[in-house]
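So the structure is just underneath, and the comments pick up after that.
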Amino acid sequence: MGIDYRAELNSAQYEAVTTIDGPLLIIAGAGSGKTRVITYRIAYMLDSHIPQKAILALTFTNKAAREMWERVRTLTGKKLTNLTVGTFHSFGAQILREHIHLLGYRPTFSIYDTQDQKALLKQCIQEVGLNPDLANISTIRNTISAIKTGRAVWNAENEVYRAVYEEYHAHLRAYHAVDFDDLIVLPIRLFETHPEVIASYRERFRYILIDEFQDTSILQYHFIKLLAEEHRNLCVVGDDDQSIYSWRGANYENFALFERDFPERKEVKLEQNYRSVQTILEAANQLISHNTNRKEKRLWSGRPGKTAIYLTFPSDEREESEYIAETIRTVVLKERIPYHEIGVLVRTNSLMTPIEDAFLRHNIPYKLSGGTSFFERKEIKDIIAYLRVILNPDDDVSLLRIINTPRRGIGRQTLHMLGEYATEHELSIYSALTSLLYAQGLPPQVARTFDEFVSLIEEFGERISRRTSIAETVRDLVDRIDYFEYLMQEHRDNEKVARYRYQNLMLFADLIERWENDPDNLNPNLGAYLTRISLITKDELDEEDTKGKVNLMTIHAAKGLEFAHVFLAGVEDGIIPHARALEESEANMEEERRLFYVAITRAREALYLTSCRQRRVMREDQEQTPSPFLEELPDHLIETKAPPSDLTEEDVEDIFARMKSRFGS
DNA sequence: TTTTCTATCAGCAAC
DNA sequence: TGATAGAAAA
């Protein structure tokens, strides 16, 4: 019972699916059945007797990876024990776990997230004595990342950060720690310095498939090229119009690089849209045509739809969220749209708050994506830091986080002394601790605290190496350090918060337990778990209870998703396009437009745009102007409705007219 | 010397 | 709203 590829795919899709030898570029417009093409393509390869182990498919999120894996499994009905589907970062981490010793790191290396990076940078800034006026940590972090991912080079402007950059990497190395960018940088270094390693990967992965190609960085492209240039069976799938991650290194010049490096490539364009009504597609096409330097494409679905785009001008964010909540109620009741088929999108996380309030007032069930994820909560990160130190005691950043949490009386002075000693003897803080203990010159009070801490880490280190249950170990650890007492102390005024946070820790232990006991999990050790949660994406935790809930998320988080009805809030100048994005560079206007494009192409049936006339930003009421992108949507497709207020039809007309004259259409 | 309290400042997107 | 730095209290 094979798959009838011809019958189940349109002709462009069929071509994309069955062209498996040689390089292939698939331009997949929004809603053009991209995931379907990828899954069918993998199935087709398996049907053509290409072994699972020869196939590598890389995406950007774990969620997308798992979904792909799941769909291939359903489609083929095969057990996929040897198929490699993952994210760039997880694949990089996997390579490092196996070979990083060749670069002089221990396989128990820690992976630093943005927070950890910033903590480390703060330290480095002091050490190199950088002028604090120049020391905006986020700027420095971004610069470092830009340099590492190859989207910036050292120049007169950023030269001042060079010393910090060097110091930062010296520290990472000493701590046996890597940052996210290193998960690509180090495998490349490994490939370039150890030909036998790259040879083994090339031999194994003869067929490579890259999803969301428009989001790859120069570095990732280089990585792909190293893997694929011998066999040249490289298929990249992407949509230049949906490139919205340039700030994370995405470089859509990669399309050109691919064309240069693989001149024999074939190209397939998927333009038939299976998602949206024609009105929405026309608006999207019109909008995106204002961008220059893009691959020309016109989405079409032929699906008729009555007016599907509604625009309102609420007076402020309160009225906006009321309008959204009330409209959702109506749509759910009258059109029988289930809650989970509704998406409310915003440009920034801060815009979510008033909308959440309205949902609560109106009893609308909702699910948040984005914001701080479970694993970024303080209490969870604390325990994770303990686990990291237990596994890798040289990880100073994690150690500094926990050495006085809960309070053990190791304060600023003591830490300063420790730091000095460590630097002087070129030791990690942990080694400094043990060495000072051994030397016995410490005041007895301090010595006892140090000793207790070191014993704690050692005892749990032993438990981990004995491979006792990680979940049990975590529960015992939380108990042993009396974290609950610490929480109660921190929230004396609010016991509920303390209990809630403690509950989170218990939930954390349960999650570990579930992971440990998963029969599909071949190697449930602590290192693997820590890697996993470093790379986990926010929406992975709660996919079960998503039914019957409105999705409230940022536009970035909505990429790849679709909803019957989509609300886009805060369609105002300065929000989208975002003022800070434009500050950085004029060129960001096009990316902001793509962001807007991604937002509107999420909608199948209807799209609601709201643009407030006034908004409270940082405790101040600001007059807002509608987003200039509204001007780029065809007039006749948009219905301007009065918001549910005492605003008259004339007022609305008036606002619209004013807006027009401002942007001069 | 450490902990707690208070004032001040800054807030785009996230693997 | 939350994080952080500096001052007062323990």
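On a predicted model such as this, the values are computed, not experimentally measured, just so you know.
Closest-nucleotide positions on DNA chain C for A:Arg412 and A:Lys378 were compared, and the one nearer the 5' end corresponds to A:Lys378. Place A:Asn136 and A:Phe180 on DNA chain B by their nearest nucleotides, and A:Asn136 ends up nearer the 5' end. The residue among A:His556 and A:Arg407 whose nearest nucleotide of DNA chain B is located toward the 5' end is A:Arg407.
Relative ring orientation between A:Phe375 and A:Phe508 is described as perpendicular, the plane-to-plane angle rising above 60° on a 0-90° scale split at 30° and 60°.
A distance cut-off of 5.5 Å between ring centres, combined with a plane angle under 30°, places A:Trp247 in a stacking arrangement with the base of B:dA13. Residue A:His89 and nucleotide B:dC15 are not classified as a stacked aromatic pair, given the requirement of ring centres less than 5.5 Å apart at an interplanar angle below 30°.
Taking atom NZ of A:Lys63 as the reference point, atom C1' of B:dA14 lies 15 Å away to the nearest angstrom. Computed from coordinates, the A:Gln115 CD to B:dC15 P distance equals 13 Å when rounded to whole Å. The CG atom of A:Leu186 sits 20 Å away from the P atom of B:dC15 (whole-angstrom rounding). Rounded to whole Å, the distance from CD1 on A:Ile575 to C1' on B:dC12 is 11 Å. Spacing between atom CZ of A:Arg492 and atom P of B:dC5 amounts to 6 Å, rounded to whole angstrom units. Between the P atom of B:dC15 and the CD atom of A:Glu376 lies a distance of 8 Å, rounded to the nearest Å. Taking atom NZ on A:Lys118 and atom C1' on B:dA10, their separation rounds to 12 Å, with Å as the unit. Atom-to-atom, CG of A:Leu121 to P of C:dT4 comes out at 14 Å; the value is rounded to the nearest Å.
Side chain to side chain, A:Tyr597 and A:Gln242 fail the donor-acceptor criterion of an N or O pair below 3.5 Å. In this structure, a donor-acceptor pair under 3.5 Å is absent between the side chains of A:Ser534 and A:Thr531.
By the 6.0 Å contact criterion, CZ on A:Arg97 is enclosed, its count of non-hydrogen atoms from other residues, nucleotides or ligands being greater than 12.
Taking every side-chain heavy atom of A:Met618 into account, B:dG11 is the closest of B:dA14, B:dG11, B:dT4. Comparing B:dT1, B:dA14, B:dC12 by their nearest atom to the side chain of A:Gln413 picks out B:dT1. Side chain of A:Thr348, nearest nucleotide from B:dC12, B:dC15, B:dT2: B:dC12.
At a threshold of 4.0 angstrom between heavy atoms, the contacts of A:Thr114 include nucleobase atoms, whether or not backbone atoms are also involved. A:Arg141 comes within contact range of at least one nucleobase, with a heavy-atom separation under 4.0 Å. Among the protein residues, A:Glu592 comes within range of no part of the nucleic acid, since none of its heavy atoms lies under 4.0 Å from any strand. Here A:Phe88 lies out of heavy-atom contact (under 4.0 Å) with every strand.
Between A:Tyr486 and A:Tyr502, the gap from one ring centroid to the other reaches at least 6.0 Å.
Between the side chain of A:Thr554 and the base of B:dC12 there is no donor-acceptor pair of N/O atoms closer than 3.5 Å. Within 3.5 Å, no donor on the side chain of A:Glu583 pairs with an acceptor on the base of B:dC12, nor the reverse.
Look at A:Asn404 and you won't find any side-chain N or O under 4.0 angstrom from OP1 or OP2 of B:dT2. Side-chain N/O atoms of A:Arg580 include none lying less than 4.0 angstrom from OP1 or OP2 on B:dA13.
In this structure, A:Arg248 fails the cation-pi test against A:Phe180, since its NZ or CZ atom is not both closer than 6.0 Å to the six-membered ring centre and inside 45 degrees of the ring normal.
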